[in-house]
Amino acid sequence: MSIRVQIHKDISGLIKNFPNLAYSNDFFCFKEKRYGLDTGFLMIYKDEVLFGLVPVNYSKTKLYSLHKDYVEPYFVGNDCEINWRDVAEAIKKEEGFKYCEFRFVFINNKLVATKSLKQTSLVAFFLQIDPAQRWEEFFKKFDKKARNQIRKAEKVGFVTKIIGIELIDQIYSLYVENMRRHSTPPKPFSFFQDMFSCFGDNCIVIALFDRDILAGVNVVQLNGGYMRLTFNLSRTEY
């Protein structure tokens, strides 16, 4: 298999319709602002034909499929057989990087996860939803205990709302409480500021209120029909 690797920063026209959040300009903006890394695409060719591509973050000496994150590689055709160790060596040889790191999650091409990659114990949860599916049918996919908890919460007056940057102070306070509960150093407040700044209206918070108390939130980012859960937070007493 012959591979040619190129770093290419301006193919927004090619990837603008990708549903995966990691291929979006919003996501690149966040990575550049938060970590100071250049962003672009790793383009892989077989016999001079574009075979696959991966969004990347990179410095002068290091390249990451995504820094501190996971991404699913995109394949142009049905062929997805690839040795990623060969790709890493080609990156080092042809682009001059000293260090190369791939961290992939496979949703549409699950079998590729076993090829030349080391699997970890970390798990990515995902759910593909049929837009035509009725709420009652979708609700049946939930665990029985979860369904009962949702019904009980509604009966006792919990209210779900969509909120955003206007409640960033409360969201961050809830986040810090969760991190300290798990003995994990919290990210700085600026992390949330950058997130809302870069994603704009595509960063929303699904919030659960007990009257005027913010009891829990899901912080998510959107891109087309794709949603990524970034934080799932709740107060200790709930």
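No side-chain heavy atom of Phe189 sits under 4.5 Å from any side-chain heavy atom of Val176. Between Leu21 and Phe199 the shortest side-chain heavy-atom distance falls below 4.5 Å. When side chains are defined from C-beta on, Ile162 counts as touching Ile206, because their heavy atoms get closer than 4.5 Å. By the 4.5 Å heavy-atom criterion applied to side chains, Leu167 and Leu214 are not counted as neighbours. Contact annotation: the side chain of Asn223 never approaches that of Asn20 to less than 4.5 Å [non-hydrogen atoms, C-beta and beyond]. Side-chain atoms of Ile168 and Phe196, non-hydrogen and from C-beta on, do get closer than 4.5 Å to each other.
Looking at residues two or more places apart in sequence or on another chain, you find a ring-ring contact (aromatic ring centres under 6.0 Å, His included) between Phe28 and Phe41. Phe138 meets the ring-ring contact (aromatic ring centres under 6.0 Å, His included) test with Trp135, Phe142; sequence neighbours excluded. Contacts of Asp69 classified as side-chain hydrogen bond (donor to acceptor under 3.5 Å, both in side chains), with partners at least two apart in sequence or in another chain: Arg228. With sequence neighbours left out, the ring-ring contact (aromatic ring centres under 6.0 Å, His included) criterion links Phe209 to no other residue. In this structure Glu136 satisfies the salt bridge (charged side-chain N to carboxylate O under 4.0 Å, His left out) test together with Arg134, sequence neighbours excluded.
With rounding to the nearest 0.5 Å, the separation of CZ in Phe51 from CZ in Phe75 is 5.5 Å. Taking CG of Leu50 as the reference point, atom OH of Tyr74 lies at 9.0 Å (rounded to 0.5 Å). Summarising the geometry, atom CD belonging to Glu81 is positioned 7.5 Å from atom NZ belonging to Lys46; distances are rounded to the nearest 0.5 Å. Within the model, atoms CG of Asn218 and CG of Leu229 stand 5.0 Å from one another, a figure rounded to the nearest 0.5 Å. One finds the CD atom of Glu95 at 8.0 Å from the CG atom of Leu42 (value rounded to the nearest 0.5 Å). Going from atom CD of Glu237 over to atom CD of Glu177 covers 6.5 Å, rounded to the nearest 0.5 Å.
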Checklist entry - Is there a side-chain contact (heavy atoms from CB on, under 4.5 Å) between Val56 and Phe97 once you walk through the steps? => result CA-CA 13 Å; Val56 291; Phe97 291 102; over 6 Å; no
Item to check | Audit row: Phe30, Phe191, ring pair (Phe, Tyr, Trp, His ring centres under 6.0 Å) steps and yes/no | outcome: CA-CA 9 Å; Phe30 179 71; Phe191 181 94; 5.2 Å; yes
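The six-membered or imidazole ring of Phe231 lies near that of Phe192, with a centre-to-centre distance under 6.0 Å. Separation of the Tyr58 and Tyr99 ring centroids does not fall under the 6.0 Å cut-off. The distance between the ring centers of Tyr172 and Tyr175 falls below 6.0 angstrom.
Considering every non-hydrogen atom in both Val54 and Pro73, the closest pair reads CG2-CB, 3.9 Å. Across all non-hydrogen atoms, the minimal contact from Cys198 to Asp26 is O-OD1, 3.5 Å. Contact record, Ser234 with Leu174: C-CD1, 3.8 Å, taken as the closest heavy-atom pair. Summarising the geometry of Ile91 relative to Leu63, their closest heavy-atom pair is CD1-CD2, 4.1 Å, with the distance given to 0.1 Å. Closest of all the heavy-atom pairs between Glu72 and Tyr23 is O-OH, 2.7 Å. Counting all heavy atoms, side chain and backbone alike, Gln221 lies closest to Met195 at NE2-SD, 3.3 Å.
Hydrophobic cluster membership is shared by Val76 and Leu53, with clusters built from Ile, Leu, Val, Met, Phe, Trp and Tyr side chains linked at under 4.5 angstrom. Taking hydrophobic clusters as Ile, Leu, Val, Met, Phe, Trp and Tyr residues chained together by side-chain heavy-atom distances below 4.5 Å, Leu222 does not share a cluster with Val219. In the hydrophobic clustering of this structure, Val71 does not group with Val220; members are Ile, Leu, Val, Met, Phe, Trp, Tyr whose side-chain heavy atoms approach within less than 4.5 Å, directly or through other members. Linking ILVMFWY side-chain heavy atoms closer than 4.5 Å, directly or via other members, places Val217 and Met179 in a single hydrophobic cluster. By the rule that hydrophobic residues join a cluster once side-chain heavy atoms approach within less than 4.5 Å of another member, Ile165 and Phe27 end up as members of one cluster.
Between the side chain of Arg103 and the backbone N or O of Ser65 there is no donor-acceptor pair closer than 3.5 Å. Put simply, the side chain of Asp47 never gets that close to the backbone of Val49: no donor and acceptor are under 3.5 Å apart. Not a single donor-acceptor pair under 3.5 Å links the side chain of Asp194 to the backbone N or O of Arg34.
Within 6.0 Å of the NZ atom in Lys141, the count of heavy atoms belonging to other residues, nucleotides or ligands exceeds 12. Within 6.0 Å of the CZ atom in Arg85, the count of heavy atoms belonging to other residues, nucleotides or ligands does not exceed 12. The number of heavy atoms from other shown groups lying within 6.0 Å of CZ (Arg147) is above 12. Atom CE of Met227 has 12 or fewer heavy atoms from other residues, nucleotides or ligands within 6.0 Å. Counting heavy-atom neighbours within 6.0 Å of Asp201 CG, excluding the residue itself, gives a total of 12 or less.
Through direct or indirect side-chain contacts shorter than 4.5 Å among Ile, Leu, Val, Met, Phe, Trp and Tyr, Phe158 is connected to Val156, Leu208, Ile213, Tyr238.
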